[in-house]
Amino acid sequence: MREKDSNQNQIFDIVVLSGKILLENGAEIYRVEETMKIIARHYNINELDVFAMANGIFTSMLIEGEGIRTGRSMHIPISPVHLGRVTAVNNISREIINGKYTVEEAIEALKVVEAIPYETNLLRILFAGVGSAAFGYMLGGTLNDSLVSFIAGIILYTFIIRMQKVAIPEILKNAFGSALVTTISILLYSIGLGTDLDHIMIGSIICLVPGVSFTTSVRNYFAGDYLSGTVRLVNALLVSLSISVGVGSVMMIFQMLR
């Protein structure tokens with residue numbers, strides 16, 4: 001392979017990898033396509049076609065002077081959001097445009113971003129509890145209610161992390177998680193912890209609420225990406241439905257046993 005062809009393929013790798021990282025970590029469709037095209041234009045590649053949707057990217061590029069169009073399609077499942085990676089790719093794209101990276105350095109920088117880990121499980125569990133307590137208090141609960149939400153939120157997120165290793169659909173994981181946290185909330189309330197069960201449960205279950213998916217869906221709709229917006233919206237609605245099933249089932253059993 002000639003050096004020019006190799007360089008063209010490396011540029012194509014940069015463009016595709018940047019889009020992949022953005023999409024799988026929760027970026028909006030317009031941001032994915034715009035970033036890929038901006039990077040391509042910086043490397044004087046004007047014949048680039050990008051079609052991104054919520055769970056896939058289709059990209060083709062015309063190799064200059066050869067009349068050969070090379071393409072690539074990637075399936076990208078909907079996965080947990082990591083906004084730190086999105087921010088890092090945005091920063092790298094700006095630095096590429098400012099000439100701070102060679103082609104090889106840009107590829108390595110993107111690979112480093114792709115490997116940025118999530119926070120440690122212990123820290124995620126702790127802040128899940130803090131978030132649950134804060135929402136419970138903010139929505140009208142007492143300090144005692146917030147304490148119960150803190151405990152339930154910690155138990156819930158520990159369960160979520162454990163279930164990530166089990167090969168079952170996300171809908172079932174959310175249903176089981178919401179059922180578990182509802183049971184914990186009821187048990188703690190029954191032994192005298194907390195004063196308002198509704199506020200306890202609202203705070204405890206906040207970790208499961210698909211806020212990012214719903215927000216991304218709305219932003220995609222406003223940008224005219226109706227297909228991707230619908231995919232994200234359906235995902236958010238299914239998660240909400242599974243939460244309702246888990247909570248409703250436990251509450252029904254609780255009411256029958258009273």
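It should be emphasised that the depicted structure is a prediction, and the values quoted were computed from it without experimental measurement.
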Set of side-chain hydrogen bond (donor to acceptor under 3.5 Å, both in side chains) partners for Lys37, sequence neighbours left out: none

Cluster link Met163 to Leu122, ILVMFWY, side chain under 4.5 Å: no

Other ILVMFWY residues reachable from Met53 by side-chain steps of under 4.5 Å: Phe51, Phe58, Leu227

Any side-chain heavy-atom pair of Asn144 and Leu193 under 4.5 Å: no

Side-chain heavy-atom pair Leu22, Met36 within 4.5 angstrom cut-off: no

Residues forming a salt bridge (charged side-chain N to carboxylate O under 4.0 Å, His left out) with Glu33, sequence neighbours excluded: none

Pairwise side-chain contact, Val209 with Phe214, heavy-atom cut-off 4.5 Å (strictly under): no

Atom pair CD/CG of Glu95 and Asn98 - distance to nearest 0.5 Å: 7.5 Å

Residue pair Val181 / Ile155, side-chain heavy-atom distance below 4.5 Å: no

Those residues that, when tested against Asp13, pass side-chain hydrogen bond (donor to acceptor under 3.5 Å, both in side chains) (two or more places apart): Arg72

Residues that Arg124 engages under side-chain contact (heavy atoms from CB on, under 4.5 Å), provided they are two or more places apart: Tyr118, Glu119, Asn121, Tyr157, Gln164

ring-ring contact (aromatic ring centres under 6.0 Å, His included) contacts touching residues 164-212 (sequence neighbours left out): none

Residues which pass side-chain hydrogen bond (donor to acceptor under 3.5 Å, both in side chains) with Asn25, listed by chain and number, not counting sequence neighbours: Arg85

Within one Ile-Leu-Val-Met-Phe-Trp-Tyr cluster: Phe135 and Leu208, side-chain cutoff 4.5 Å: no

Any donor-acceptor N or O pair under 3.5 Å, side chains Arg232, Asn235: no

Partners meeting side-chain hydrogen bond (donor to acceptor under 3.5 Å, both in side chains) with Tyr221 (sequence neighbours left out): Thr230

Single-linkage hydrophobic cluster, 4.5 Å side-chain cutoff, Phe254 and Ile205 together: yes

Any donor-acceptor N/O pair, Ser249 side chain to Gly246 backbone, under 3.5 Å: no

Apart from Leu238 itself, residues in the same hydrophobic cluster as defined by side-chain heavy atoms under 4.5 Å: Ile171, Val234

Summary of salt bridge (Lys or Arg N to Asp or Glu O under 4.0 Å) pairs that have at least one residue in residues 163-191, sequence neighbours excluded: Glu170-Lys173

Pairwise ring-ring contact (aromatic ring centres under 6.0 Å, His included) hits with a residue in residues 90-113, at least two apart: none

Pairwise side-chain contact, Thr195 with Ile200, heavy-atom cut-off 4.5 Å (strictly under): no

Partner set under side-chain contact (heavy atoms from CB on, under 4.5 Å) for Val212, not counting sequence neighbours: Val81, Thr216

Co-membership, hydrophobic cluster, residues Ile206 and Phe159, 4.5 Å side-chain: no

Side chains of Asn90 and Thr87, donor plus acceptor under 3.5 Å: no

Heavy-atom side-chain proximity of Asp225 to Arg219 below 4.5 angstrom: no

Donor-acceptor contact below 3.5 Å, side chain Ser18 vs main chain Val15: yes

Donor-acceptor under 3.5 Å (Asp145 side chain, Thr142 main chain): yes

